[in-house]
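Labels below follow one simple rule: chain letters A, B, ... track the order of the sequence lines, proteins then strands, and each chain is numbered from 1.
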Amino acid sequence: MIELNERNHLQHIQITHDVELQQHAHESIPMLQLLDEQGMLLSTTCPLWDQATATKIFNTMHYIRILDERMVSAQRQGRISFYLACTGEEAAVIASTAALQPNDMIMTQYREQGALAYRGYSTEQFMNQLFSNALDPNKGRQMPIHYGDKALNFMTVSSPLGTQIPQAAGYAYGQRVSGESAVTICYFGEGAASEGDFHAGLNMAAVLGCPTIFLCRNNGYAISTPANEQFVGDGIAARGIGYGVKTIRVDGNDALAVFIATQTARQIALEEQCPVLIEAMTYRLAAHSTSDDPSSYRVNEEEQKWQAKDPLQRLQRHLIQQQWFDEAATEAYCEHHRNEVLRALKVAERQPNIPIDEIVTDVYAQVPLHLQTQLDALKDHVAAHPNDYPKMTGEKS
Amino acid sequence: MIELNERNHLQHIQITHDVELQQHAHESIPMLQLLDEQGMLLSTTCPLWDQATATKIFNTMHYIRILDERMVSAQRQGRISFYLACTGEEAAVIASTAALQPNDMIMTQYREQGALAYRGYSTEQFMNQLFSNALDPNKGRQMPIHYGDKALNFMTVSSPLGTQIPQAAGYAYGQRVSGESAVTICYFGEGAASEGDFHAGLNMAAVLGCPTIFLCRNNGYAISTPANEQFVGDGIAARGIGYGVKTIRVDGNDALAVFIATQTARQIALEEQCPVLIEAMTYRLAAHSTSDDPSSYRVNEEEQKWQAKDPLQRLQRHLIQQQWFDEAATEAYCEHHRNEVLRALKVAERQPNIPIDEIVTDVYAQVPLHLQTQLDALKDHVAAHPNDYPKMTGEKS
Amino acid sequence: MIKMNLLQAINNALVTAMAANPKVLVLGEDVGHFGGVFRATSDLQAKFGRERCFNTPLTEQGIIGFANGLAAQGCIPVAEIQFADYIFPAFDQIINETAKFRYRSGGQFDCGNLTIRAPYGGGIAGGHYHSQSPEAFFTHIPGIKVVIPRNPYQAKGLLLSAIRDPDPVLFLEPKRIYRASVGDVPEEDYELPLGQADVVQVGTDITLVGWGAQVEVLQDAAEQALKLGISCEIIDLQSLLPWDAELVCASVNKTGRLLINHEAPVTSGFGSEIAATVQERCFLHLESPIQRVCGLDTPYPLIQEKQYMPDALKTLAAIKYSVNY
Amino acid sequence: MIKMNLLQAINNALVTAMAANPKVLVLGEDVGHFGGVFRATSDLQAKFGRERCFNTPLTEQGIIGFANGLAAQGCIPVAEIQFADYIFPAFDQIINETAKFRYRSGGQFDCGNLTIRAPYGGGIAGGHYHSQSPEAFFTHIPGIKVVIPRNPYQAKGLLLSAIRDPDPVLFLEPKRIYRASVGDVPEEDYELPLGQADVVQVGTDITLVGWGAQVEVLQDAAEQALKLGISCEIIDLQSLLPWDAELVCASVNKTGRLLINHEAPVTSGFGSEIAATVQERCFLHLESPIQRVCGLDTPYPLIQEKQYMPDALKTLAAIKYSVNY
Ligand SMILES: Cc1ncc(C[n+]2csc(CCOP(=O)(O)OP(=O)(O)O)c2C)c(N)n1
Ligand SMILES: Cc1ncc(C[n+]2csc(CCOP(=O)(O)OP(=O)(O)O)c2C)c(N)n1
Ligand SMILES: [Mg+2]
Ligand SMILES: [Mg+2]
């Protein structure tokens, strides 16, 4: 049996207190930190956020924690088939989305439900997708957590890793040539950054002048594979330098640092019509997904060290420092949303299923003849065996 | 019509005179140069080569020039269907191969005939491949220039770009676990370095500890695409830094610098069981291939500037400096090989074709039943129409 | 009408599409200033600017990934893959992304605006990396369309339809006849319908189905068959996905015999799908086994390509076999 | 003999192969310490060390490229692709490299030592990215072999053969029955022949052909058919490339009827190749059209997977149709 030792993928990373985009690597690219563990401001010169923004980020982080906790249980109870929590990485996702404008396109990997929540996706909407019911915008075709919402400029999640990276470059190029004053943000994990599509996407964005923010959540793991079996260079940030992409490394558990870095990145991407890479150093406190149990590949002490760096706690301390923290309001917010999640869950699981006809729609813009024929045969068959197939209660019956 | 301007893809690159492998990028990674344009040594401290090696490199460079010139004409005359010359890049290829040991595996892109020649591939062997005759080791299955020779540890060339890069990592890993004291060198162009396979190969080699030398010929073009439409970072070398791969940039037209860099790279790869990346800055003086005419995408002045940097001339001046140059011997060498090429060409084009049976061999280790059936039917058909198909003079008839 | 070769017709279609709609963009390796290694994109950059016709870095997976993003955004990308042999690094982006974009999002997002162009096929002494006919792979991917023209007229009309079609289209160009196939092409904008086969020649004794450059091979074989008193009906499929099974089956019900010709290896080539469908739908009308005249189950060879090709002679032999069965 | 499930049989085969030959290496995402997301490679790293069983970075094209190099060097790599749905980034390495390595070099170099393992298929509420059955794509690639076991006994014997076969093998594992399929497996080393189909049940009225988890579906349907007095011959193809056309055709010549069942979309699925071949070779013996009971031509759905699946009921309906034709 091979010994497991505690790992620290941030070991060699230095801290800086200045917002500085790097195009050339030093010994190791420093990591931007603006709040210390106590939530104290580390810089007197850096730009700040306003109370409303900070509070909205804070609340959304709470919301996602509530949602994640509840849905992990729901999966354990067999009420949904799958779930994937963002625990520990809420600041990296939510504070970066907060720095965007609503018309910016968001393309994610799968662990970025916080971005969607910040944009205003409702609990009902989350539930409809998670339960694949008749109101699921994906029409029950994708596993839970594959959200997407056109109205919120949130691209539907796709499981194959890394594919959204060159797509985000292309999407942003499209925004540019269409004269939109908008950028595309593309989230992905440090594992996905090993895919060939990462290389293609970053390089193309750099060469073709695409206003894309590439945000890598370096959370130390790709399922069981630790970051040190994923790469040996100076993380993902150092690769950005290689592509000639303006790059910043940020403490992903420091909501303010993430917010400011993303705000700066957006400004540069838009003004200079170029990509920016952000590497957010964080930790996947959650299991990879509800199909995973991390205890067999990492030690408890390691998790505990990172528990102590909880981004939500750090932000709360900061809000207290700023005298922006309202304990009662936060309690009320959480209470309200805990109930809302419970309620919405119950409603969603009672919704009817998608009508069987939808099995052949959206393959093409129009249902072609051969698919219509296949559907007709299927419906005849199911009608002949009404007790052998799940009720498609969305049907007229 | 868009104006063409002279391009200089080395514009921002500084020169160093020290053999120094870089793991972290400075402003721009300097380029190792050991011989100036006059062939004068630029460093008094650097390691050197011996006369025999320098002469063998020099002669092989002459040989390749002769072969390339002759075969480009042969293609124009319609005697072979395709050719691809290495003109201007002979030092990058030949001097690097010269720094290897015979048991090191060579995996190339397609412009590295010099490596094969240095290893001892005969003119007859070149010709048999180029003419796809019955003696072609590829059995007439690949286009001209897709050489390969197991005895010389030279992997058969494959057209799809970049595919050999992760293969070279794997091959070297195999050498390591088999306890061989050997490395794998992998050549590719700066264009091919945009492929996803490059990313996979470099990163895997770094993470998995593969003794692979990755040698990028940055010759400024991928067919018509100039390097500045291929990438905008500090070339290919800067990417090596990103992967945590020891990296050196070298003047690819300086045979000595290439030789010393590769020798050093080999030593490190073997001793530390790790990859090394070499970016050889050079210029494709030739057309991309005989199917190409570069005059429509680059200006004459640019080509002339690079003509003046001819690596063969520079090496000759160095040999003169060293008093290693024997004009008469060189003349005799060239004369001999010009004749040899002519003779071998005539012999090769008169060789019979591959027997038709070989159309189905080597798909699998054994010809499976369905392929045998297909072959039998084909032979019956061809036999029934003897005048309608090319003579397969390799056949018993 | 102007006389054009197939390449010129493609170029003309691109010019037409770009002039008609500023959202149409052309991208790929060497497609910019140079106009592509076959010159299909000649002068597009000069005419429409660098932003609308541009070289990409050398990465097929990147080209299609980028183009998927462009299409989802609302642009109308026409992405060139330099040779169909090099489309495989993009296979994942095509099968898992392009083809499933609309379905997976319940119709919220799609890549319907995407057209992928790639020269394909053998007969140019290209060996196995410049000769492949990969169409069958793509016919097993619900969500994309696969279209192949046989001459300049079809090429312009079908390419314009492909670019404007609301679904992603893989448009494969038979490069063997890029210059050899010459014909009259209307100067104006016109579209030919996707999903419909074209009856190239009416006949009574056997149905011959093919596409791309092989249609000429079928015509050649049919001419020789006629001298033997055999009347062939020739169908150019044009669209392989979805394909016009109705027209093919109607023809086979009439002639009672079917031969399919394609360059790709016979095993799991698209001929197998046609044969499987037709034997089911035309079971009682078939008078002889459906013949497939195809490439061998080997990589595409070089020096033996003449022997490898499913040529007119082999086709004729199979016609005779079928008719005499 | 030990009772094992399919996953345990795979793991046992890997242990057996690694113990017997130090050149055998196992690589892939999460296959190391963790033992793979399905635990097929459990304990291999502990038993054989990190050098022989290792995690790779997350890149399928890299895994297969790297494994191609390993195989060419003389090692015997067994590369895992975590889900068959994620094999497509490696498609180029497989089709243009693995499959052509030997041919293009005239037999000087080859990747014959390579085995690629991947769990495939639906029925696990995985939606279209954890349910695909991509076998048909690979049957159109001369130069590789495609093998699929149906139960633990076949899994161990076929996997050992695949690893030792001199040609590259894609070994697809029906993940729906990874744990459900339990059976007696010899503890010792044994091999089952590649390229040969297995007659699971002898019958007289109709031949049913399938592979992997669908063989159980055929057995189920055959049982119900028997109650109606219909005797089914069931053939598990086991190898899809090359496939045992001789055995299938002999069976069809006897029964006069054929049904093929697979999960993949019907159009250009491997059923089409079987149908095309059988209609040609058994033309005069066929008493009814060959039936294909397959997935719909859509991406694999999630909530409607029960309706989507080519299950026993659909199979039974097609058997009845065929027999009553
Ligand atoms: C192309 C592809 N290969 C493999 C997988 C299986 N898989 C799903 S998540 C995952 C790990 C991803 O790690 P990372 O990118 O670091 O993201 P994180 O889970 O840490 O947020 C893997 C291997 C996949 N979804 N797609
Ligand atoms: C995967 C793939 N895509 C495209 C091509 C077509 N192609 C052949 S050579 C070439 C340019 C290669 O440029 P580079 O790597 O810089 O090498 P150089 O020709 O300069 O030596 C291209 C695009 C190919 N062979 N393979
Ligand atoms: Mg991660
Ligand atoms: Mg180049």
Side-chain angles (χ1 to χ4, degrees), chain A residues 1-2 4 81-82 132-133 136 138-144 146 158-163 189-198 222-226 229-231 288 291-292 296-297 353-354 356 358-363 368 370-371 374-375 377-379 381-382 384-385 388-390 392, chain D residues 29-39 42-43 45-47 49-50 54-62 65 82-83 85-86 88-90 92 124-131 265-267 294-309 311-314 316-318:
Chain A
M1 194 58 203
I2 286 160
L4 274 181
S81 60
F82 180 82
S132 306
N133 64 26
D136 170 13
N138 300 340
K139 303 186 186 168
R141 292 169 185 152
Q142 289 217 72
M143 285 174 66
H146 290 67
S158 156
S159 314
L161 290 167
T163 50
E190 88 295 341
S194 292
E195 291 283 2
D197 274 356
F198 166 87
I223 308 186
S224 78
T225 304
E229 296 182 31
Q230 196 68 244
F231 52 78
H288 169 68
S291 315
D292 177 50
S296 72
Y297 56 80
N353 279 337
I354 299 287
I356 186 77
E358 298 285 2
I359 200 169
V360 299
T361 60
D362 300 323
V363 182
H370 69 288
L371 273 179
Q374 292 176 17
L375 174 67
L378 176 61
K379 285 168 78 171
H381 176 78
V382 172
H385 305 273
D388 295 293
Y389 293 91
M392 288 289 139
Chain D
E29 294 156 15
D30 300 295
V31 302
H33 172 76
F34 186 57
V37 293
F38 289 102
R39 325 309 304 268
S42 272
D43 295 327
Q45 191 175 80
K47 287 197 175 100
R50 273 176 180 279
F54 53 94
N55 288 342
T56 61
L58 210 169
T59 164
E60 292 76 15
Q61 64 192 112
Q82 205 162 75
F83 285 86
D85 312 68
Y86 304 135
F88 302 114
D92 184 56
I124 59 149
H128 42 260
Y129 292 126
H130 297 83
S131 305
V266 60
T267 295
C294 304
L296 273 64
D297 284 322
T298 70
Y300 198 99
L302 180 80
I303 203 70
Q304 294 160 329
E305 78 174 353
K306 285 259 170 5
Q307 287 87 342
Y308 180 88
M309 286 290 268
D311 60 13
L313 266 182
K314 291 183 188 174
L316 182 65

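Chosen from D:V37, D:T56, D:D311, the residue pairing most often with chain A at heavy-atom distances under 4.5 Å is D:D311. Put simply, of D:P299, D:G35, D:G126, the one with the most heavy-atom pairs under 4.5 Å next to chain A is D:G126. Most heavy-atom pairs under 4.5 Å with chain D, from the set A:V360, A:L378, A:D388: that is A:L378. Comparing A:P160, A:S81, A:S132 by heavy-atom pairs within less than 4.5 Å of chain D, the highest count is held by A:P160.
In this structure, the portions of A:I359 lying under 4.5 Å from any heavy atom of chain D include both its backbone and its side chain. Heavy atoms of D:D85 lying under 4.5 Å from chain A are absent altogether. If you measure heavy-atom distances from A:H370 to chain D, the contacts under 4.5 Å come from the side chain alone. With a 4.5 Å cut-off on non-hydrogen atoms, D:K47 does not touch chain A at all. Of the two parts of A:N133, neither the backbone nor the side chain holds a non-hydrogen atom closer than 4.5 Å to a non-hydrogen atom of chain D. In this structure, the portions of A:S158 lying under 4.5 Å from any heavy atom of chain D include both its backbone and its side chain. Neither the backbone nor the side chain of A:A384 comes within contact range of chain D; no heavy atom of the residue lies under 4.5 Å from a heavy atom of that chain.
Using a 4.5 Å heavy-atom threshold, the side chains of D:L313 and A:H381 count as touching. Using a 4.5 Å heavy-atom threshold, the side chains of A:I223 and D:Q82 count as touching. Counting heavy atoms from C-beta on, the side chains of A:Q374 and D:V266 come closer than 4.5 Å. The shortest side-chain heavy-atom distance between A:T163 and D:F88 does not fall under the 4.5 Å cut-off. Using a 4.5 Å cut-off on side-chain heavy atoms (C-beta onward), D:Y129 and A:M143 make no contact. Taking the side chain as every heavy atom from C-beta outward, A:T225 and D:L58 never approach each other to under 4.5 Å. Here the side chains of A:S224 and D:E29 are not in contact, with every heavy-atom distance at 4.5 Å or above.
Look at A:R141 and D:E305 and you find no salt bridge, because none of the NZ, NE, NH1 or NH2 atoms lies under 4.0 Å from a carboxylate O.
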